[in-house]
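Working notes, structure below.
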Amino acid sequence: MGKLAVGALRAVLLVVLVGTVLVQALMVWTLVSGKDPEDGSLPLTALRVITILGMVSVQVAVVCVGRLVTMVRRGTVFSHAAFRYVDGVIGAIVAAALVWFAVTVVNAPGQRDDPGVTVIMGGIGVAILGVALIVYVLRMLLAQAVARDAEASQLQAELAEVI
């Protein structure tokens, strides 16, 4: 991975991290201060709490991807240490899907006249879970690469002994 790509990805991750922290701070301030620009009704309060939790899942994913990028740059991504961060990304995506399903449930009563919106939102939640499954498959590929790397190292050591 080139220096330019790593730098660009780190910049994007930093912007996303700062943005999510700002959104969380705004939501917490709105909830705690009592200066709600809206009417402070229950669905809005629930959506603000859900937003705060959703931002946490994004932050976990950003930190894990940042650690993986560092491992790629150092050439250590094909190791058992990478699994912790890949598992963190998978967990964050599943958490984001659950948060999205919570948004769907909170929004559903307002969609009685048009239940198709709720169905579409549920479909988006399933699609988010699909992304988690894709990352899980990539984790399995990483596991195979790590196993092959270990096997290659062992064979090299045996060959060195023979020579």
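Here the structure is a predicted model, which means the values were calculated and not measured.
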Would [X] end up clustered with [Y] when hydrophobic side chains under 4.5 Å apart are linked, directly or stepwise?
X      : Y      : result
Leu138 : Leu142 : no
Val65  : Val12  : yes
Val21  : Val15  : no
Val28  : Val49  : yes
Val63  : Val23  : no

Shortest non-hydrogen contact between [X] and [Y], atoms and distance:
X      : Y      : result
Gly54  : Val99  : CA-CG1, 3.9 Å
Ser57  : Ala92  : O-CB, 3.3 Å
Val60  : Gly88  : CG1-O, 3.9 Å
Ala82  : Met71  : N-CE, 3.6 Å
Val146 : Phe78  : CG2-C, 3.5 Å
Arg112 : Pro115 : O-CD, 3.8 Å

Report yes if some heavy atom in the side chain of Thr20 is under 4.5 Å from a heavy atom in the side chain of Val62; otherwise report no. no
Measure the [atom1]-[atom2] distance between [X] and [Y] for me, rounded to the nearest 0.5 Å.
X      : Y      : atom1 : atom2 : result
Leu133 : Arg139 : CG    : CZ    : 13.5 Å
Leu4   : Leu9   : CG    : CG    : 11.0 Å
Met121 : Asn107 : CE    : CG    : 4.5 Å
Ile120 : Asp114 : CD1   : CG    : 7.5 Å
Ile134 : Leu129 : CD1   : CG    : 11.5 Å
Thr45  : Met27  : OG1   : CE    : 11.0 Å

Name the residue from Ile124, Leu98, Leu47, Thr51 that meets the side-chain contact (heavy atoms from CB on, under 4.5 Å) definition with Val103.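 One option only clears the test, and that one is Leu47.
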Tell me, yes or no, whether the heavy-atom count around Leu155 atom CG, taken from other residues, nucleotides or ligands under 6.0 Å, exceeds 12.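 Yes, enclosed.
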Considering residues, nucleotides and ligands other than Phe101, do more than 12 of their heavy atoms fall under 6.0 Å from its CZ?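 Atom CZ in Phe101 is crowded, with more than 12 foreign heavy atoms closer than 6.0 Å.
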Pair Gln59-Val56, side-chain contact (heavy atoms from CB on, under 4.5 Å): steps then yes or no: CA-CA 5 Å; Gln59 290 163 349; Val56 170; 4.3 Å; yes
